[in-house]
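A short write-up of the structure that comes next.
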Amino acid sequence: MGVHGLTTYLRENKRTLAKTLKVASADEQSAIPVVVDAWSLIYALHQRCALPWIYGGEYQEFSKLVTDVVTAWIKVGFKVSVVFDGPYPEIKFPTLLSRASKSIIDPSLLFFRTSTVSRTSPHFLKETRIIPPAYFAATLHALDSLRESTNSLDYHFADEECDPYAVELAARLNGYVVGTDSDFVILNADGYLGYIPLDEMIWTSVVLNDEPEPVDDDGFQQVTNGKGRARATKATSTFGKGIIPPENMTDLTMSCSVFSPTALAGHLGLPVTLLPLLASLAGNDFTNQEVPSRINHHALFFERGLSPVQRIDRVGSTIRSILAPTVKRRAKHQVGSVMDLIDRTVSALMAKILHTIGPGQIELITDKIAEGALQYAIPRYEGEHEGEKSLWPTRICALHEPEICPALPSFSRLLETVADEDEDDESSDELIMRIQIRTRYLDAYRRGHFPPLLMNCLTSGTYFTRLFIENPDLETVARLARPIRQWCYAILDEALGLPEPVEEEDASLVPSKDGSDDDELVDVIESDSDESEMDVDGRDLLAPLKGALKSLRNPDEHSPHLHAPPTLSRTRVITEYLRRGTRLAEEAVEVPKIAELLPLISDSHYDFTQSTMPLVVQPEEVRRMILLRALDSDVSGIRELSPQQVTAVLVLRWILKTTHDRAEESNNSKAREAERWTAREARCFIASFAWSGEALPSEVNAPIVDRHIQLAAQVLHGLEAVTHLSQALLLYPVVDSPVHMFSGRAFHSYLTGACASPDIPEHIWSVCQRGMERAFAVERKQKKAKKSKSQAVPVATSGKQMKGSLFGMLADAGI
């Protein structure tokens with residue numbers, strides 16, 4: 001993540017670029033604000049903890065780990081603000097797809113193509129590690145629970161990507177950003193103190209050795225070695241690097257390395273405002289993908305032998321030479337605009353091969369570099385308040401006024417439609433209702449009860465299924481939950497409005513994201529001439545890009561047609577990204593009208609079609625009934641279950657129903673019949689939750705069975721889909737996720753018989769199987785594994801030796 005080679009560059013130049021921050025316990029008033037990149041924290045804990053991932057995730061233990069780390073940070077004097085990513089920006093889609101293929105699909109394929117013995121080795125599992133899909137929900141639950149007991153913790157959901165939001169928040173709080181993304185040393189704002197890499201955090205504790213107990217010396221004098229005592233004291237006072245604090249220790253302190261954008265810019269000899277351009281030229285998440293002409297422009301910039309670190313120095317020296325040419329290399333003309341600087345830098349980097357590239361291709365590369373640099377721009381804060389008082393100017397956004405909040409337009413499509421229709425009546429009932437709906441969804445999003453994956457539906461009309469290990473030879477488990485997702489899409493379309501599908505047309509006629517073509521983008525950049533002392537000529541070369549950012553964030557000022565109210569009669573389409581074979585593919589899914597779905601769940605007892613109100617403003621009990629009936633689970637007893645138990649039961653019943661229906665529709669083909677669950681497997685799933693907070697099996701390493709991996713993938717995806725449907729209906733806390741109670745290791749242990757399955761609460765099981773008796777498959781007989789002749793026989797540790805064998809003869813001989 002971040003800028004190619006910059007993490008290594010910072011490490012190699014640490015003595016020059018970094019300063020050390022030491023913190024110890026402090027009161028809340030003197031606490032140091034730190035803003036933590038949530039996904040950096042999750043990935044770092046995933047890599048450093050010893051929890052097994054292959055079973056699907058140990059979410060109870062992972063939640064405790066998150067709680068321990070954040071609690072330790074607070075104790076040493078940090079005031080923690082955790083920031084989660086918002087919806088994915090479209091410019092980053094190619095990078096996201098590439099990462100998903102390399103980090104999830106490829107390791108899954110390798111796992112299933114490797115022998116059973118080899119793939120269970122600790123080394124193999126470490127090298128093919130895949131992050132469990134529900135760590136996000138487990139982390140959010142841990143933070144939510146911890147926040148109830150301290151005032152030194154809060155969390156935020158960014159408007160778009162986490163990085164600029166985190167730096168802007170840190171600047172407001174006059175604090176630091178903690179993460180693993182080198183972009184944090186490129187982004188900058190007034191008040192931002194710098195970037196603390198997670199792997200540069202060192203825990204220490206001064207622990208004195210206990211006095212030796214008195215012993216009976218029988219008149220002899222005890223002699224101790226001073227060097228040995230010093231070594232012992234040193235060993236007990238240092239614990240090394242890592243974000244996980246040492247257990248059972250008090251008086252902890254922490255030292256961190258801090259990298260600031262100012263220090264990096266000074267080291268490179270560049271204005272700090274040009275660091276985004278450096279990042280875009282060196283290669284970042286926004287410019288990694290190839291331009292439309294299939295040219296890998298970074299391969300054209302650098303010689304093949306240059307390392308990523310050398311590339312950064314090369315870009316820095318090239319920009320310096322253009323800004324301040326030497327006497328021998330006098331510039332023909334001064335840099336007049338940021339686009340002029342980009343043009344000349346690109347030409348200088350490709351000087352040796354420039355004659356082989358057409359002018360049209362050079363323009364494409366230049367535009368791509370400009371777009372990549374633009375992603376780092378942060379609007380200047382011009383408010384009167386400082387610190388925490390500067391946050392939440394309105395309930396819409398913690399940082400931005402409504403006019404420039406990037407998230408607000410996605411929640412306002414239908415509101416804008418009604419406002420245009422009722423232009424003369426600002427107090428109409430329809431307009432007030434639409435404002436209330438938008439407010440409820442915005443509040444749910446900011447509090448973590450409306451997930452970023454559903455936000456993608458509103459911003460870009462996409463849905464990224466969360467992937468995990470599954471058999472690449474079988475159909476992806478994501479298809480089991482597509483009807484649930486279609487309910488989500490229909491509900492959101494009725495409540496807020498989904499984006500209109502983009503019609504395929506000539507690329508030259510399609511407007512860019514700011515509502516103008518590429519030439520107009522250049523005109524906007526070159527027309528600005530804000531003053532700044534950061535440039536050699538007294539001008540800030542990236543100030544025009546910030547102006548362009550403003551037009552992107554508030555496009556109505558320049559292109560009112562971009563967010564024009566949608567035509568409600570048009571069919572909406574959501575592009576889903578899911579695994580197809582051994583690759584990640586996109587599929588267009590038509591969004592049904594809510595009026596088409598409600599008759600399917602109505603009956604003589606309750607007719608949902610009678611009400612003309614959107615579902616989300618109807619009473620809570622009606623929305624819960626819609627959830628239960630949409631999942632074919634409105635059965636007696638389910639309303640008496642806890643919010644977490646309801647979700648687990650709905651997931652199990654949906655899987656049982658779907659796999660049974662698929663088997664019957666396929667005339668009971670062997671493949672579809674094999675998908676069905678047995679009653680024993682269903683009971684193992686319910687037993688894998690710590691319903692009463694009890695400890696689940698953690699010492700048993702269950703055998704890894706292909707079928708059990710597939711079952712775990714089904715339930716994990718089902719848990720996410722059902723939770724998303726309840727969140728689309730704004731049913732929290734009536735229905736809540738039980739992920740933080742689930743143990744994949746316990747699930748596999750019960751399935752394989754490595755650990756006896758405990759008795760599950762009868763009131764839960766009775767609801768699970770009510771009406772599902774025909775959905776269960778016949779119990780499969782356990783086949784005993786045959787020992788092959790070449791299989792090594794383990795050496796017995798006890799008991800009699802085998803007679804008649806070589807070992808038996810040696811035993812008889814007394815050898």
Side-chain angles (χ1 to χ4, degrees), residues 84 86-87 136-137 140-141 144 155-157 159 395-397 407-408 410-415 418 429-459 463 481 483-498 572 574 591-595 597-598 601 606 608 611-631 633-634 638-639 641-647 650-651 719-739:
F84 290 89
F136 164 79
L140 186 59
H141 171 79
D144 208 27
Y155 57 79
H156 298 254
F157 281 81
D159 302 318
R395 64 187 297 181
I396 291 175
C397 183
L408 189 59
S410 300
F411 290 93
S412 307
R413 284 189 180 88
L414 293 187
L415 176 59
V418 175
D429 294 340
E430 178 73 13
L431 183 61
I432 294 174
M433 182 188 67
R434 290 298 170 184
I435 293 175
Q436 292 175 346
I437 292 175
R438 183 182 72 174
T439 302
R440 293 183 64 184
Y441 273 104
L442 269 170
D443 287 346
Y445 174 66
R446 298 301 184 188
R447 295 175 183 176
H449 303 149
F450 185 75
L453 285 182
L454 286 183
M455 271 290 293
N456 289 322
C457 300
L458 300 176
T459 57
Y463 185 93
I484 303 178
R485 295 195 297 271
Q486 286 181 300
W487 267 97
C488 293
Y489 306 152
I491 293 169
L492 295 180
D493 191 30
E494 182 201 35
L496 300 171
L498 296 176
R572 297 292 184 266
I574 293 294
V591 179
K593 298 292 184 183
I594 201 69
L597 296 177
L598 291 180
I601 60 174
Y606 198 96
F608 297 99
S611 176
T612 59
M613 302 289 287
L615 298 185
V616 294
V617 296
Q618 295 189 29
E620 183 181 273
E621 179 54 36
V622 174
R623 285 180 279 133
R624 178 164 64 170
M625 192 186 307
I626 290 173
L627 172 71
L628 297 178
R629 294 196 178 187
L631 301 177
S633 295
D634 191 6
I638 195 168
R639 287 173 175 80
L641 301 178
S642 69
Q644 293 81 15
Q645 292 171 348
V646 168
T647 303
L650 290 177
V651 170
L719 284 168
E720 182 177 69
V722 172
T723 302
H724 282 182
L725 180 55
S726 67
Q727 291 170 330
L729 286 166
L730 300 180
L731 276 174
Y732 177 87
V734 177
V735 180
D736 196 10
S737 173
V739 160

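In this chain, residues are counted from 1 in sequence order. This one's a predicted model, so the numbers in the text were calculated from it and none came from an experiment.
- The side-chain contact (heavy atoms from CB on, under 4.5 Å) search around Ser633 returns Leu631, Ile638, Leu650, Arg653, not counting sequence neighbours.
- For the side-chain contact (heavy atoms from CB on, under 4.5 Å) test with Cys457, the passing option among Asp493, Leu496, Ile574 is Ile574; the others fail.
- Surrounding CZ of Arg639 are more than 12 heavy atoms belonging to other residues, nucleotides or ligands, all under 6.0 Å away.
- Pairing each heavy atom of Leu458 with each of Gly497, the nearest pair is CD2-O, 4.0 Å.
- At a threshold of 4.5 Å between non-hydrogen side-chain atoms, the residues Ile626 and Glu621 do not count as touching.
- Using a 4.5 Å cut-off on side-chain heavy atoms (C-beta onward), Cys397 and Arg446 make contact.
- Scanning both residues, Gln618 and Arg623, for their nearest heavy atoms gives O-NE, 2.9 Å.
- One distance of note links OG of Ser410 with CG of Leu442; it measures 9.5 Å at 0.5 Å rounding.
- With contacts defined as side-chain heavy-atom distances shorter than 4.5 Å, the pair Val734/Leu627 does not qualify.
- Under the 4.5 Å side-chain criterion, counting only non-hydrogen atoms from C-beta, Leu729 is not in contact with Val735.
- Considering every non-hydrogen atom in both Leu730 and Ala444, the closest pair reads CD2-CB, 3.9 Å.
- Considering only heavy atoms from C-beta on, Phe608 comes within 4.5 Å of Val622 through its side chain.
- Taking the six-membered ring where the residue is Trp, the centroids of Phe136 and Phe84 are separated by under 6.0 Å.
- The minimum heavy-atom distance between Arg413 and Thr459, with the atom names listed, is NH2-O, 4.1 Å.
- In this structure, Arg434 does not pair ionically with Asp429, as no charged nitrogen and carboxylate oxygen lie closer than 4.0 Å.
- Taking the six-membered ring where tryptophan is involved, the planes of Tyr155 and Phe157 are perpendicular, since the angle between them exceeds 60° and thus also 30°.
- For His156, the side-chain contact (heavy atoms from CB on, under 4.5 Å) partners at least two apart in sequence or on another chain are Ser81, Val83, Asp154, Tyr165, Leu169, Trp392, Ala398.
- Between Leu598 and Ile601 the shortest side-chain heavy-atom distance falls below 4.5 Å.
- Take His724 and apply the side-chain contact (heavy atoms from CB on, under 4.5 Å) test, not counting sequence neighbours, and it matches Pro451, Leu453, Leu454, Tyr463, Cys488, Glu720, Gln727.
- With respect to Arg624 and Glu620, no salt bridge is recorded, no charged nitrogen being found less than 4.0 Å from a carboxylate O.
- Between Arg438 and Asp443 there is no salt bridge, since no side-chain N of the basic residue sits under 4.0 Å from a carboxylate O of the acidic one.
- Here Arg572 does not pair with Glu494 in a salt bridge; the nearest charged N to carboxylate O distance is not below 4.0 Å.
- Proximity of Tyr732 to Ser737: side-chain heavy atoms (C-beta onward) are nowhere separated by under 4.5 Å.
- Outside the 6.0 Å centre-distance limit, the rings of Phe411 and Tyr441 are not counted as a close aromatic pair.
- When all heavy atoms of Pro592 and Leu597 are compared, the pair lying nearest together is CG-CD1, 3.9 Å.
- Across every non-hydrogen atom of Leu140 and Gly448, the tightest pair is CD2-O, 3.4 Å.
- Looking only at distances, no side-chain donor or acceptor of Ser412 sits under 3.5 Å from a matching main-chain atom of Leu415.
- Here the side chains of Leu719 and Pro738 are in contact, with some heavy-atom distance below 4.5 Å.
- Atom OG1 of residue Thr723 and atom NE2 of residue His449 lie 12.0 Å apart, to the nearest 0.5 angstrom.
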